[in-house]
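The chain is numbered in sequence order, starting from 1.
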Amino acid sequence: MVIGKPGTSPPGLFSSFEMASAPTPQLTLTVEQARVVLSEVIQAFSVPENVARMEEARESACNDMGKMLQLVLPVATQIQQEVIKAYGFNNEGEGVLKFARLVKMYETQDPEIAAMSAKLKSLLLPPLSTPPIGGAIPAS
């Protein structure tokens, strides 16, 4: 095994330090642009191929939250990446996170974005049922 000097890496590869310190351009979208992108992301989840991919991942996960994170989240991230990369977000998980933060920021300012964000979340997450408090059903 050959080890280079600390801080050096083979051509084309970055050390984790270099990646962390590399400047990343800040992407900003107007409220109107965010609405358009969010709408396109939601529409992407209704494309038959993506519907099939999500259904397959959900069936494999069997409503197990851990498996949902392992199987469904990566598929959902890929679907979102395909849309948002056209708007300058990088084509990795970081781009989806930046987009999510931007949407979150606009949710409080724009009811339409808040509604679309809730719709997107409903497409990504299974409905959660909460058990009754105390574990018993009260008699009426």
Side-chain angles (χ1 to χ4, degrees):
M1 181 172 170
V2 177
I3 299 176
K5 291 186 228 171
T8 63
S9 55
L13 298 176
F14 296 101
S15 71
S16 58
F17 174 75
E18 290 167 332
M19 290 285 278
S21 65
T24 54
Q26 287 294 325
L27 288 171
T28 57
L29 298 174
T30 65
V31 172
E32 294 78 19
Q33 290 170 323
R35 278 190 211 124
V36 169
V37 179
L38 197 49
S39 176
E40 288 180 21
V41 167
I42 291 168
Q43 288 173 3
F45 281 93
S46 64
V47 171
E49 174 188 327
N50 292 336
V51 169
R53 290 170 62 199
M54 288 294 288
E55 285 178 1
E56 181 180 335
R58 280 193 183 104
E59 287 173 10
S60 297
C62 301
N63 274 342
D64 177 296
M65 190 52 77
K67 288 183 180 178
M68 293 290 282
L69 292 172
Q70 292 174 335
L71 303 171
V72 178
L73 188 60
V75 173
T77 300
Q78 289 170 358
I79 293 169
Q80 291 180 73
Q81 286 170 341
E82 288 301 312
V83 175
I84 67 172
K85 72 180 179 183
Y87 294 91
F89 292 90
N90 82 20
N91 198 23
E92 296 179 12
E94 181 184 339
V96 172
L97 291 174
K98 284 182 180 181
F99 178 66
R101 278 188 231 120
L102 190 74
V103 168
K104 185 87 172 148
M105 180 182 76
Y106 283 138
E107 280 179 355
T108 59
Q109 301 172 22
D110 188 78
E112 190 177 343
I113 288 180
M116 286 192 287
S117 178
K119 179 174 175 79
L120 180 59
K121 287 174 189 167
S122 75
L123 294 170
L124 302 178
L125 299 171
L128 298 175
S129 58
T130 53
I133 296 174
I137 299 172
S140 48

Margin query: Test: ring pair (Phe, Tyr, Trp, His ring centres under 6.0 Å). Region: residues 33-84. Which pairs qualify, not counting sequence neighbours?
Written below: none
Item checked: Verify same cluster id: M105, I113 (apolar side-chain graph, 4.5 Å) -> yes
Margin query: Using side-chain contact (heavy atoms from CB on, under 4.5 Å), reason through M54 and L123 one step at a time and then give a plain yes or no.
Written below: CA-CA 9 Å; M54 288 294 288; L123 294 170; over 6 Å; no
Notebook entry, point to check: In Å, rounded to the nearest 0.5 Å, how long is the span from NZ of K98 to CD1 of I84?
Noted result: 10.5 Å
Margin query: Give me each pair satisfying salt bridge (Lys or Arg N to Asp or Glu O under 4.0 Å) with a member in residues 29-38, each pair once, sequence neighbours excluded.
Written below: R35-D110, R35-E112
Notebook entry, point to check: Judged by atom type as modelled, is there a donor-acceptor pair below 3.5 Å linking the side chain of S122 to the main-chain atoms of K119?
Noted result: yes
Which atom pairs, donor and acceptor, lie under 3.5 Å between side-chain atoms of residues 36-43 and protein residues at least two apart or in another chain?
residue: E40; atom: OE1; partner: Y87; partner atom: OH; Å: 3.0
residue: E40; atom: OE2; partner: Y87; partner atom: OH; Å: 2.7

Would you be so kind as to tabulate the donor-acceptor pairs closer than 3.5 Å made by side chains of residues 65-78, with sequence neighbours excluded?
residue: T77; atom: OG1; partner: L73; partner atom: O; Å: 2.8
residue: Q78; atom: OE1; partner: R53; partner atom: NH2; Å: 2.6

Check: Sequence neighbours excluded, which residues qualify as ring-ring contact (aromatic ring centres under 6.0 Å, His included) partners of F99?
Finding: F89
Check: Is the backbone of E56 close enough, under 3.5 Å, to the side chain of S60 for a donor and an acceptor to pair up by distance?
Finding: yes
Margin query: Ignoring hydrogens, what is the shortest heavy-atom contact between V83 and A44? Give both atom names and the distance.
Written below: CG2-CB, 3.6 Å
Next item on the list: Find out if a path of hydrophobic residues (ILVMFWY) with successive side-chain heavy-atom gaps under 4.5 Å connects V103 to V31.
Entry: yes
Margin query: Suppose the criterion is salt bridge (Lys or Arg N to Asp or Glu O under 4.0 Å): which pairs have a residue in residues 72-84, not counting sequence neighbours?
Written below: E82-K85
